[in-house]
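Working notes, structure below.
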Amino acid sequence: MWTAGRGCFPLAPACPDNLFMERKVTRKPGQRQTGLRRTLSRTWTCYLFIAPNMLGVLVFLAYPIVYSFYVSLTRWDFVSAPRFVGLDNYVRLFTADRLFWVSMRVTVTYVLMYVPAVLVAALILALAMNQKLRGIKFVRTAIFVPVVTSMVAVAIVWVWLLSKDFGLINIVLRAVGLPGVGWLTNQKTALPAIAAVGVWKSMGYNAIILFAALQSVPRLLYEAAEIDGANSWHKFWNVTIPMIAPAIVFVTVTSVIGAFQVFDQAFIMTGGGPGDATYVYNFYFFRQAFGQLKMGYASAMSYILFLIMFASAIVQLRLTREAAAAAF
Amino acid sequence: MPEPGELAAGVAPRRAPDLGDGLVEGVPALEVRDELDVAGRVHAWVAGLVPLGEQPFHLFDEAGLNYPPSDWKDTSWTWERFLDACRQLTKKEGDQVVQYGWTEAWWPPLSAVVFGYSNGGHWFDRYMDPTKVTLTDPKMVEAFQFYADLWNKEKVATSPEQWKVQAGYQMFAAGKAAMTLVGHWFYPEFSKPEHGLSMDIGVFPIGPGGTTSKTDLGGTGMAITAMTKHPDEAWRFLRFECGPEGQKIIARSGLFAPTLRSVANSEDFLGTHTALEHAEVFNTAMDNAVMFPIGPAWDAMADRLGRNLDLLWNGQATAAEAMATAQAEMQQALDETHAG
């Protein structure tokens, strides 16, 4: 029997088991050990093991998070010393900045377009990858190629594909008698177009996660369902979906987080335009930080986004737990 | 002459060294200004000025057309004549246009303002530290609509769809466009033998509201920051760079135009543009150029200008509509910057 000590990190199972064995401590009379010291004496090797990673987390994650919060309370242009302004940046963002709300609206719309689309696309791909067909290994690899390609390269290629006059997509549309569309220059189609590129880029990654979940669904559940007279749809809906629900939740929440941070496509393919059509949050953030050198204001913006990510992560943990509880 | 030590002590000197004539009336090559001292950070400010718009052209011989003039006051070079030239220089093979009269090769709002200036319009109350955006000046609106009509209505220029997939300067270099507007730094590229361009430069057509052809003017601003550990070296470098020797090096590079009139009119500069018969247009441009309203508000204004005008370029709004929104948003950005 082993129990992870109260003071130990969640990473503790990676440590040698015997560290967590309840040991009978023989103590001389009169010698008392405090709870903390007892825990430390048992777990210091754990801390040693994670120290290098922890150092990285502290320097590159924790410190910037804390420091950017401080910066968000200042006015700072990179050159002169930051000037403390309290909550002024936040107040201005929420009360006096039209573009903040515009960019938030555009980004939420993007999330609503992107997340369901990437989920459905990834699920279809995962189901296809799960078939026992000839050449399926090649397909599995090919699906992953966009994931490892740089978004900048992807965006440039898609600018060509989506071009009204020369783009492959419009050539196909015209061949079947439909009018060509200026996907990236039309206010109505620009955001769906960059969302589609986002889906194309990351559906392979999400498909791999769902595929792994699919592979771990026990065959005997399907056999039992077949004995009960279930058809393919019943099996998919009543066996597959509940069994891979935790993976679906994971894919959904990470996609939401990723989608809120959309930047590259808008930066390269549309420059935030036409009009406000693709003026996503991080694009506005980028202009504030590196165009106008308003580091305090931009930090406040990034902190608001950080809080959205943080809330998403909490929702993710809760949903995963519930989904796991529902599945078993 | 101020000594470097003054800078080190944090005292901005009032006088710049006498480096000879600056190329632009009223703007010396090296200027030391207190009023540009934004929050006490910048001590010396240097303008390396570059004429941002001449009009390179080619393919006129084939079409049997007269060349655009090189005289900024030549009123015979009107918008009608320009449009007519564009039409004659646009060639079709079947449905496909294989050669355009004009291509956008830079940032469309800044190309359009050149047409606006040449129509007697202005988009700011003043260009140094502006307080008011006047983009909806009817002469500006007329010019922007004229510019957008070149592709949306007349189909004699490349469209925004084409700008996305092929840069305008490439269209020009490949002989698929006869005229464009580019900055001086494009000429080393255009002069490469592989393009085989036989071209010259000229001035912009004058609109119905204008009397003189005009262009944009921008530059490379350089400064010594108050925090530098090497003020002496920085000061010495700036003096060298803005002096005759440094300017000669810059002129010979062919990328930038020199800021000193003496160097600009010398062989060091004009000799780098042997392919152009009227290279002096680079220098005469300086007397007919309008300075960029570059300042702390510029990035925010440019962002709002660019995105709102997308709708005009894409044919989804008229110039009057797009420019009214752009003006309101730019003014707001300008006011916010002034308010701090």
Side-chain angles (χ1 to χ4, degrees), chain A residues 75-81 83 85 88 92 96-99 102-103 106 155-167 170 174 180-190 193 266 268-279 283-284 286-294 297, chain B residues 37-42 95-97 100 107-109 151-152 155 158-167 223-228 295-317 321-322 325-326 328-330 332-337 339-340:
Chain A
R75 225 167 263 182
W76 185 38
D77 60 6
F78 258 147
V79 183
S80 44
R83 189 157 55 86
V85 292
D88 193 41
R92 270 168 62 173
D97 190 344
R98 189 189 73 89
L99 282 176
V102 165
S103 64
V106 171
I156 290 170
V157 170
W158 275 92
V159 165
W160 274 90
L161 287 171
L162 292 166
S163 161
K164 188 177 181 182
D165 303 319
F166 323 103
N170 279 315
R174 274 194 287 269
V181 180
W183 297 101
L184 297 173
T185 50
N186 188 311
Q187 259 187 308
K188 293 200 177 76
T189 54
I268 292 160
M269 299 173 74
T270 56
D276 295 334
T278 59
Y279 206 65
F283 189 84
Y284 186 41
F286 173 79
R287 299 292 303 221
Q288 289 289 336
F290 304 106
Q292 294 157 43
L293 298 181
K294 292 184 183 168
Y297 202 68
Chain B
D37 183 341
V38 185
R41 299 190 304 263
V42 180
D95 277 354
Q96 231 27 24
V97 177
Y100 287 93
W107 194 49
W151 53 88
N152 283 330
K155 316 278 183 206
T158 54
S159 70
E161 286 288 344
Q162 284 156 307
W163 311 338
K164 275 200 180 295
V165 294
Q166 191 170 24
I224 302 172
T225 70
M227 289 189 247
T228 180
W298 172 250
D299 188 82
M301 288 196 295
D303 177 39
R304 285 141 179 90
L305 175 69
R307 286 182 299 108
N308 280 301
L309 291 190
D310 278 349
L311 304 178
L312 166 62
W313 315 136
N314 298 343
Q316 293 170 316
E321 290 161 358
T325 324
E329 290 190 14
M330 288 166 74
Q332 196 190 358
L334 189 59
D335 293 343
E336 275 170 15
T337 307

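Values below: all heavy atoms of this structure, side chains included; hydrogens, waters and symmetry mates excluded. Residue numbers start from 1 in every chain, and the chains themselves are labelled A, B, ... in the order their sequence lines are given, proteins ahead of strands.
- In terms of heavy-atom pairs under 4.5 Å with chain A, the best-connected choice from B/Ala322, B/Ala300, B/Gly306 is B/Ala300.
- Formation of a donor-acceptor pair under 3.5 Å by the B/Lys164 side chain with backbone atoms of A/Val159 is not found in this model.
- Using bins of under 30°, 30° to 60° and over 60° for the plane-to-plane angle, the ring pair A/Tyr279/A/Tyr284 lands in the tilted bin.
- The contact between A/Leu184 and chain B is made by backbone and side chain atoms together, counting heavy-atom distances below 4.5 Å.
- Only the side chain of A/Phe283 comes within contact range of chain B, with at least one heavy atom under 4.5 Å from a heavy atom of that chain.
- Remark: A/Thr185 engages B/Glu161 in a side-chain hydrogen bond (donor to acceptor under 3.5 Å, both in side chains) (not counting sequence neighbours).
- When each of A/Ile156, A/Thr270, A/Leu162, A/Asp276 is checked for heavy-atom pairs under 4.5 Å with chain B, A/Asp276 comes out on top.
- Both the backbone and the side chain of B/Asp303 come within less than 4.5 Å of a heavy atom in chain A.
- B/Asn152 is linked by a side-chain hydrogen bond (donor to acceptor under 3.5 Å, both in side chains) to nothing, counting only residues two or more places apart in sequence or in another chain.
- Contact annotation for B/Ser159: only side-chain heavy atoms (C-beta onward) come within less than 4.5 Å of a heavy atom of chain A.
- When all heavy atoms are compared, the tightest approach of A/Ser163 to A/Asn170 is O-ND2, 2.9 Å.
- Between B/Trp298 and B/Trp107, the ring planes lie perpendicular to each other; the angle is over 60°, past the 30° to 60° tilted range.
- Comparing A/Gly273, A/Gly275, A/Gly291 by how many heavy-atom pairs each has under 4.5 Å with chain B, the most go to A/Gly275.
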